[in-house]
Asker: 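Structure provided below as structure tokens; questions to follow.
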Amino acid sequence: MRNFITEIIDEHKNDGRFNGVVHTRFPPEPNGYLHIGHAQAICLNFGIAEQYGGLCNLRFDDTNPAKEEQEYIDAIIEDVRWLGYDWDDRLFFASDYFDALYEMAVDLIRIGKAYVDELSQDEIREYRGTLNEPGVESPYRDRPADENLRLFEKMRAGGFKEGEAVLRAKIDMSSGNINLRDPVMYRIVDVPHPRTGKTWKIYPMYDFAHGQSDSIEGVTHSICTLEYEDHRPLYDWYLDNIEIFHPQQIEFARLNVSHTVLSKRKLIRLVQENHVTGWDDPRMPTISGLRRRGYTPSAIRNFSEDAGISKVKGVVDLHKLEYHIRQDLNKSANRVMAVLNPLKVVIENYPDDQVEALEAINNPEDEAAGTRMAPFSKVLYIERDDFMEDPPRKFFRLAPGREVRLRYAYFITCTDVVKDENGHIVELRCRYDPATRGGAAPDGRRVKATLHWVSARHALTAEARLYENLFTVEAPEADAEKDFTEFINPDSLKIVDPIYVEPSVKSAAVGDRFQFERLAYFVVDQDSTSDKLVFNRTVTLRDQWAKLRKKTANPSGKKRRRRN
RNA sequence: AGGGAAGUAGCUCAAUCGGCAGAGCAGGUGCCUUUGGAGCACAAGGUUAAAGGUUCGAGUCCUUUCUUCCCUGCCA
């Protein structure tokens, strides 16, 4: 990994700033599930530690019990671990430091750099000033240290109600940086904390907790997102005035991905308003959603690396994520034949009761994956899209009178098309060439297409969940007039039940990944039962035919105007 | 009375402290194929936001301008 952050670290190594030590941390707030953007931050922090022979801690930023829950803590731990990272015994919580933080606050009060303010919340806001006008100092600002000490103790003891008093740092009410206008250090929150229960009535603000937590843990490089740039002077101020070890905060641009949303508030809405089935819905950009969708940790890690780290805010194309999962699964997923939209094929010259087992390669990219046997018989299913009665140019698949190959089986020629009274095609009559067993013609003749198939008698039925982008537009949040939910793709989930799958997958387990040949990658979903498998479509294969068809339908290449 | 940051190909990033602006993805063309979907090859894509300056030479240094983003929670 090489980016502007590693350059900074290299400089520190050269000038000896941290004696060559590199120690990072990933600091989630347990108020939601981790998403692909967090995955990049995880890869960054753990990756840098790994690269420099240092350590990376997992630390929960749990300073606001009003928003945080144990459920999220558990989910986050599972997700980071699944991505393949390990923090040994360094699982920490900001709440581990509540006592230490309290003492630091007391120290700042003693040296006259913090005070208890009894202004109301509205008054504090008014006194703060605006972006263009300086703030006004609170009338409580110059209380003697003794009084502040007594009042702060009273805050801790529950002597004030929520909102009646806060502890503030005494910095500069006229600073251009609003974070420095006497920021709140402690506020009263009277709800139980997931870890400390009812021990505390006061909780430190993020700014008063984060830097010191880094410091206590010996973190050298505290990597965070761009919106904390304005907070760095405050981060530095606390550390300098408390006079403890001073890590370096470095900010980078958080990851954005097209065709989705990544803000916690919006993800929560998707769940609460039932646009999806939960945090782990395979359409969600959460780590748990991607996992259920069939993404692999290595695909996510490669994507994170490829997306890059910089200070430029941008949007990474969703294509890139898909590229990496295809890349990974192409090498690792076993191939299997499955028909999603069946068309019955009867091989007229094949003996009625004969069944042959034909050898099929599990993964052409991995010889070690071996082979399996697929049963072949007189009645088969092929994909309805693989047949056209009146094929256009460049459609090379099956058509009346045309010969194609059934993968690993035989060449077949379509001799007749059977229709129902409505003219709907219900069955194809074909003849096979026994000499082409296995799929090769001894006389060297060639066919232009190879089709996947399943034997009707032997096929397993299963359910397929076909996922597409959750949103129909690249930037669902960009339109100021419209709520992002208006751009939800109505076709983001299509359930196909039954599909027909070759019997070799019968004993597949939840999480097993396959390529259904010529279609897409699929993963066995947790909703599967002992008598019915459920497959989630992870990502389709790249489909040049679909691209070609689109182009032919719209030769100018320009977007067709939408009719209103 | 404002403060902080960022502008390089459609997108994401490079460019070894001044030395021929390069990659990946997407899009394009072609080859190949027992996955038409794997694989491979090729081409295209740029006034480095703009102007001025320094210099033999500027994406890089200086000045000015423009654009975009973040900051006025007792959230993180």
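Within every chain, numbering begins at 1; the chains are lettered A, B, ... in the order of the sequence lines, protein sequences first and strands thereafter.
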Asker: For B:C13 versus B:C40, give the span between their C1' atoms, rounded off to a whole number of Å.
Answerer: 25 Å

Asker: To the nearest angstrom, how far is A:D172 atom CG from B:G2 atom C1'?
Answerer: 12 Å

Asker: Could you check B:G73 for me: syn (within 90° of 0) or anti?
Answerer: syn

Asker: Would you say the rings of A:Y186 and A:F152 are close, in the sense that their centroids are separated by under 6.0 Å?
Answerer: yes

Asker: Can you tell me, in whole Å, how much space there is between the P of B:A15 and that of B:C74?
Answerer: 40 Å

Asker: Is the distance from OP1 or OP2 of B:G4 to the nearest side-chain N or O of A:R232 less than 4.0 Å?
Answerer: no

Asker: Please report the distance separating the C1' of B:G45 from the corresponding atom of B:G10, rounded so that it comes out in whole Å.
Answerer: 9 Å

Asker: Taking atom P of B:C40 as reference, at what distance in whole Å does atom CG of A:N330 sit?
Answerer: 10 Å

Asker: Specify the separation, in whole Å, of atom CD of A:E365 and atom P of B:U33.
Answerer: 17 Å

Asker: Would you say a side-chain N or O of A:Y323 is under 4.0 Å from OP1 or OP2 of B:C25?
Answerer: yes

Asker: Please check this pair: side chain of A:N179 against backbone of A:D230, looking for a donor-acceptor N/O pair closer than 3.5 Å.
Answerer: yes

Asker: Looking only at heavy atoms, which two atoms of A:F26 and A:A41 are closest? And how far apart?
Answerer: CE1-CB, 4.0 Å

Asker: List RNA chain B stems (3 or more consecutive Watson-Crick/G-U pairs, under 3.5 Å)?
Answerer: B:2-7 with B:66-71, B:10-13 with B:22-25, B:28-31 with B:39-42, B:49-53 with B:61-65

Asker: Testing A:Y97, A:F92, A:F93, A:Y72 for ring pair (Phe, Tyr, Trp, His ring centres under 6.0 Å) with A:F60, which one passes?
Answerer: A:F93

Asker: Test A:R372 against A:E502 for salt bridge (Lys or Arg N to Asp or Glu O under 4.0 Å), laying out the working first.
Answerer: CA-CA 11 Å; A:R372 67 186 185 283; A:E502 63 167 81; 2.5 Å; yes

Asker: Select base, sugar-phosphate, or nothing to describe what A:K311 touches, counting heavy atoms under 4.0 Å on all strands.
Answerer: sugar-phosphate

Asker: Using the C1' atom in both, what is the distance from B:A43 to B:A26, to the nearest Å?
Answerer: 16 Å

Asker: Along nucleotides 70-76 of chain B, 5' to 3', which nucleotides get a B, which get an S, and which get a -, given that the test is a protein heavy-atom distance under 4.0 Å?
Answerer: BBBSBSB

Asker: Roughly, in whole Å, what's the span from CG in A:D386 to C1' in B:G37?
Answerer: 11 Å

Asker: Would you kindly compare A:Q327 and A:I309 by the position of their nearest RNA chain B nucleotide and give the one closer to the 5′ end?
Answerer: A:I309

Asker: Name the nucleic acid region contacted by A:A253, choosing base, sugar-phosphate or nothing; use a 4.0 angstrom heavy-atom cut-off, strictly under.
Answerer: nothing

Asker: Name every residue in residues 443-455 of chain A that has at least one heavy atom under 4.0 Å from any atom of RNA chain B, in order of residue number, or write none if there are no such residues.
Answerer: A:R446, A:T450

Asker: Which part of the nucleic acid does A:E517 contact within heavy-atom distance under 4.0 Å: base, sugar-phosphate only, or nothing?
Answerer: base

Asker: Measure NE2/A:H324 against P/B:A26 and give the value in whole Å, please.
Answerer: 9 Å

Asker: Are A:F98 and A:H193 close enough that their ring centres sit under 6.0 Å apart?
Answerer: yes

Asker: Could you check whether A:G314 gets within reach of a base, just the sugar-phosphate, or nothing at all, counting any heavy atom under 4.0 Å?
Answerer: sugar-phosphate

Asker: B:C66 and B:A51: how far apart are their P atoms, nearest whole angstrom?
Answerer: 15 Å

Asker: Round to the nearest Å and state the distance from A:F303 atom CZ to B:C25 atom P.
Answerer: 14 Å

Asker: For a salt bridge (Lys or Arg N to Asp or Glu O under 4.0 Å) check, start with the C-alpha distance between A:R59 and A:D214, then their side-chain angles and the critical distance, and finish with the verdict.
Answerer: CA-CA 9 Å; A:R59 181 177 74 233; A:D214 287 338; 2.8 Å; yes

Asker: Rounded to the Å, how far apart are A:L255 CG and B:C25 P?
Answerer: 18 Å

Asker: Nearest-Å distance, OH (A:Y521) to C1' (B:G37)?
Answerer: 9 Å

Asker: Tell me the closest heavy-atom pair linking A:L151 and A:E118, and the distance in Å.
Answerer: CD2-OE2, 4.1 Å

Asker: How would you label the contact of A:Y408 with the nucleic acid (heavy atoms, under 4.0 Å): base, sugar-phosphate, or nothing?
Answerer: base

